[in-house]
Amino acid sequence: MSIRLFQPTDTSACLSIFDGNVPDYFAREERTDFERFLREHAVACTFQVIEHEGRIVACGGLWRRGDGSAAFCWGMVERALHRQGFGRELALARLQQADHDPSITRITLNTSQHTQGFYARLGFQVTRVVSNGHGAGIDAVEMERSG
């Protein structure tokens, strides 16, 4: 397993990971937003990918804000590889990015009820829940962790 920065040539692999996580983890209508993010913002927010056995199996970024915070964005793992440590490695890599930036004092994320427990084990606390906030049956769970 190796973690590296996203390159535009990784777009189709990242979209494939997204598609494999619909409808349980992402709503189909979010795909356009993710595609736009990859095209317009991924490089600027140090989006990362995990390669395993010669292919991309996970991706996610850390969006820095000017107010002392940063947000996890678009984190996902290939569906068949859930619960094998890739998501944890990706999250730890993003937390390490934040640790190396003294201007970041807190990290936020917006996830669903399906991954809320995963992030809680990494020290994130729920700050708000919006029922069906990401689509039918997918709550928007906002979480925060002090840097």
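All values below come from the heavy atoms of this structure, side chains included, with hydrogens, waters and symmetry mates left out.
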*Asks:* If you look at every heavy atom in G60 and L90, which pair is closest and at what distance?
*Replies:*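 Shortest heavy-atom contact: N-CD2, 3.8 Å.
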
*Asks:* Do T105 side-chain atoms and G68 backbone N/O form a donor-acceptor pair below 3.5 Å?
*Replies:*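 Checking the backbone N and O of G68 against the side chain of T105, a donor-acceptor pair under 3.5 Å is found.
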
*Asks:* Hydrophobic clustering (ILVMFWY, side-chain heavy atoms < 4.5 Å, transitive) - are M76 and F6 grouped together?
*Replies:*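 Yes.
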
*Asks:* Y119, V126: one ILVMFWY side-chain cluster at the under-4.5 Å cut-off?
*Replies:*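 Yes, Y119 connects to V126 through the hydrophobic network.
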
*Asks:* Could you tell me which non-hydrogen atom of F26 sits nearest to which non-hydrogen atom of I138, and how far apart they are?
*Replies:*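 For F26 versus I138, the nearest heavy atoms are C-CD1, 3.8 Å.
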
*Asks:* Treating Ile, Leu, Val, Met, Phe, Trp and Tyr as nodes and any side-chain heavy-atom pair under 4.5 angstrom as an edge, say whether V22 and F37 lie in one connected cluster.
*Replies:*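 Same hydrophobic cluster.
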
*Asks:* Does Y25 have any ring-ring contact (aromatic ring centres under 6.0 Å, His included) partners at least two apart in sequence or in another chain, and if so, which?
*Replies:*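 Y25: ring-ring contact (aromatic ring centres under 6.0 Å, His included) contacts with H82, H114.
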
*Asks:* Does R128 use its side chain to pair, donor to acceptor, with the backbone of E142 at less than 3.5 Å?
*Replies:*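 No; zero donor-acceptor contacts below 3.5 Å.
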
*Asks:* Step through the shown structure and confirm whether more than 12 heavy atoms of other residues, nucleotides or ligands are within 6.0 Å of CZ on R88.
*Replies:*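 Not buried by this count: 12 neighbours or fewer within 6.0 Å.
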
*Asks:* Quick one: does D139's side chain have a donor or acceptor within less than 3.5 Å of a partner on S112's backbone?
*Replies:*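 A pair under 3.5 Å: no.
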
*Asks:* Short question: side chain of N21, backbone of V77 - any donor-acceptor pair under 3.5 Å?
*Replies:*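 Yes; at least one donor-acceptor contact below 3.5 Å.
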
*Asks:* Output every pair passing side-chain hydrogen bond (donor to acceptor under 3.5 Å, both in side chains) with a member in residues 59-69, not counting sequence neighbours, ordered by first then second residue.
*Replies:*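 Qualifying pairs, neighbours excluded: T46-R64, R64-D101, R65-S69, R65-T108, D67-S69.
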
*Asks:* Does the distance from a Lys or Arg side-chain N to an Asp or Glu carboxylate O, for D19 and R28, drop under 4.0 Å?
*Replies:*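 Here D19 does not pair with R28 in a salt bridge, since their nearest N and O are not under 4.0 Å apart.
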
*Asks:* Check R55 with E51, please: is the shortest side-chain N to carboxylate O separation under 4.0 Å?
*Replies:*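 The answer is no: the pair does not qualify as a salt bridge.
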
*Asks:* Within the distance-only criterion (no hydrogens, no angle test), does the side chain of Q113 pair as donor or acceptor with the backbone N or O of G137 below 3.5 angstrom?
*Replies:*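 Yes.
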
*Asks:* State whether the side chain of E30 and the backbone N or O of A27 hold a donor-acceptor pair below 3.5 Å, judged by distance alone.
*Replies:*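 Yes; at least one donor-acceptor contact below 3.5 Å.
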
*Asks:* Examine F124 together with F72 and report whether their ring centres are nearer than 6.0 Å.
*Replies:*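 They qualify: ring centres under 6.0 Å apart.
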
